[in-house]
Protein chains: 2
Amino acid sequence: MTPQDNRDLFAIADLAREFGISTRAIRFYEAKGLLAPERVGATRVFRRRDRARLILILRGKRLGFSLRDISDYLSLYDANRTQQVSLLIGKVDERLASLETQLEDLQTTISELKEIKKLADDRLDKAG
Amino acid sequence: MTPQDNRDLFAIADLAREFGISTRAIRFYEAKGLLAPERVGATRVFRRRDRARLILILRGKRLGFSLRDISDYLSLYDANRTQQVSLLIGKVDERLASLETQLEDLQTTISELKEIKKLADDRLDKAG
DNA sequence: CAGCCGTTTGACGCTAACGTCAAGCCGTGG
DNA sequence: CCACGGCTTGACGTTAGCGTCAAACGGCTG
């Protein structure tokens with residue numbers, strides 16, 4: 001069992017294993033300011049909050065965003081506790097717009113692929 | 001007026017301008033086999049078909065795919081006229097699965113952002 | 001005490017997707 | 001004729017996002 005038996009503390013390798021990424025990647029995200037685990041001596045110790053951020057990071061990556069974009073995105077969560085609320089709203093609107101474009105692109109692509117598949121399936125049937 | 005007055009032939013700069021990309025990028029896509037314009041002498045001449053492929057390429061990029069992925073994707077369209085139909089079906093299924101995952105990611109993200117925005121808006125109201 | 005793991009910080013390497021010259025060819029207008 | 005804009009290939013530069021050592025430290029375990 002790792003650091004503690006309760007699930008509040010994680011070693012870097014725990015998270016790497018859990019999410020199928022490298023420890024190098026995690027350190028890289030920290031270097032880019034996307035994560036800020038605590039330290040015990042020099043060793044990184046991750047809490048649930050860090051783990052939650054990592055999940056957001058990975059989802060952002062699956063969506064094709066750069067780490068820089070993801071960094072901004074994460075700051076939206078943090079910023080909600082700060083003063084710059086109206087600035088935040090602008091950022092969120094921008095991002096929503098681009099995501100909705102992406103959503104349309106995606107839906108178009110998916111239906112095109114389904115169409116292609118249908119054509120292909122038909123040809124298979126004819127061939128027997 | 002460029003090459004011809006009817007809209008079947010395009011110069012590289014025409015397409016670059018139309019889609020807001022560089023001519024360098026277009027040449028790069030050709031080098032990677034994503035485009036195969038005709039030549040008149042050494043000069044590239046693009047037809048509607050090439051332009052259609054370029055549109056697909058750019059949509060693929062907006063969706064965060066690599067040129068390599070996009071190349072495979074384009075081959076799905078071409079392959080539909082070939083023999084390897086069942087192999088094609090497998091490819092399409094794979095891609096559909098990953099796109100649908102991406103769609104879910106996207107919907108989750110969008111609703112989270114809307115939630116953040118609502119919180120932020122509320123705070124603005126209170127502040128007056 | 002000696003290994004051995006897991007961890008750390010550099011530092012260099014690598015691929016993708018172009019940007020950015022450079023040097024040269026071609027056709028047209030003044 | 002010659003400048004000029006647009007086209008070509010070639011080569012090198014650049015950024016992002018890690019991979020891959022290397023060298024060193026700290027803590028458990030036999």
Side-chain angles (χ1 to χ4, degrees), chain A residues 1-5 9-47 50-51 53-75 98, chain B residues 1-5 9-47 50-51 53-75 98:
Chain A
M1 31 190 111
T2 20
Q4 302 248 342
D5 220 347
L9 301 181
F10 309 91
I12 190 170
D14 295 337
L15 295 182
R17 223 173 298 116
E18 176 173 5
F19 296 111
I21 61 182
S22 68
T23 59
R24 178 67 179 89
I26 295 177
R27 279 190 284 266
F28 188 73
Y29 301 153
E30 178 181 357
K32 292 293 171 176
L34 305 194
L35 292 173
E38 292 170 50
R39 300 285 185 136
V40 172
T43 302
R44 293 167 177 81
V45 175
F46 298 80
R47 290 186 180 274
D50 303 306
R51 184 172 167 283
R53 288 177 76 91
L54 185 51
I55 291 176
L56 291 178
I57 292 171
L58 297 179
R59 194 175 67 200
K61 283 178 59 60
R62 286 199 303 275
L63 290 175
F65 292 107
S66 69
L67 292 187
R68 167 74 201 168
D69 286 340
I70 295 173
S71 175
D72 294 350
Y73 175 70
L74 287 173
S75 74
S98 101
Chain B
M1 32 189 111
T2 20
Q4 304 246 340
D5 219 345
L9 300 182
F10 308 91
I12 189 169
D14 295 338
L15 295 181
R17 223 173 297 115
E18 175 173 4
F19 296 111
I21 61 181
S22 68
T23 58
R24 178 70 180 89
I26 294 177
R27 279 191 284 268
F28 187 73
Y29 300 154
E30 177 181 359
K32 292 293 173 176
L34 305 193
L35 292 173
E38 292 170 49
R39 300 286 184 136
V40 172
T43 302
R44 293 168 178 81
V45 175
F46 298 79
R47 292 185 179 274
D50 303 307
R51 185 173 167 283
R53 288 176 75 92
L54 184 50
I55 290 176
L56 291 179
I57 292 171
L58 296 179
R59 194 176 67 201
K61 283 178 60 60
R62 285 199 303 276
L63 290 174
F65 291 107
S66 70
L67 292 187
R68 167 74 201 169
D69 286 341
I70 295 173
S71 175
D72 294 350
Y73 175 69
L74 287 174
S75 73
S98 102

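Protein chains get the first letters and strands the later ones, always in sequence-line order, with residue 1 at the start of each.
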A:I26 versus A:I21, closest heavy-atom pair with distance:
CG1-CD1, 3.6 Å
What closest approach, in Å, do A:S22 and A:A16 show between heavy atoms, and which atom pair accounts for it?
C-CB, 4.1 Å
Check the pair B:R39 / B:T43 against side-chain hydrogen bond (donor to acceptor under 3.5 Å, both in side chains), numbers first and verdict last.
CA-CA 5 Å; B:R39 300 286 184 136; B:T43 302; over 6 Å; no
Is there a side-chain contact between A:F10 and A:R17 (heavy atoms, below 4.5 Å)?
no
Any side-chain donor-acceptor pair under 3.5 Å between B:R68 and B:Y73?
no
Given 3.5 Å as the limit, does a donor-acceptor pair link the side chain of B:R53 with the main chain of B:L34, or not?
yes
Do B:E38 and B:R44 meet the salt-bridge criterion of a basic N to acidic O distance under 4.0 Å?
no
Interface limits on DNA chain C, where chain B has a heavy atom under 4.0 Å of a nucleotide atom
C:dA17 to C:dT20
Whether B:R24 and B:E30 form a salt bridge (side-chain N of Lys/Arg under 4.0 Å from carboxylate O of Asp/Glu) is what I want to check.
no
What is the distance from CZ of B:F46 to P of D:dG6, rounded to the nearest Å?
16 Å
Summarise protein proximity over nucleotides 9-24 of chain D in one line of letters, 5' to 3': B for base, S for sugar-phosphate only, - for none, counting protein heavy atoms closer than 4.0 Å.
B-B-----BBBB----
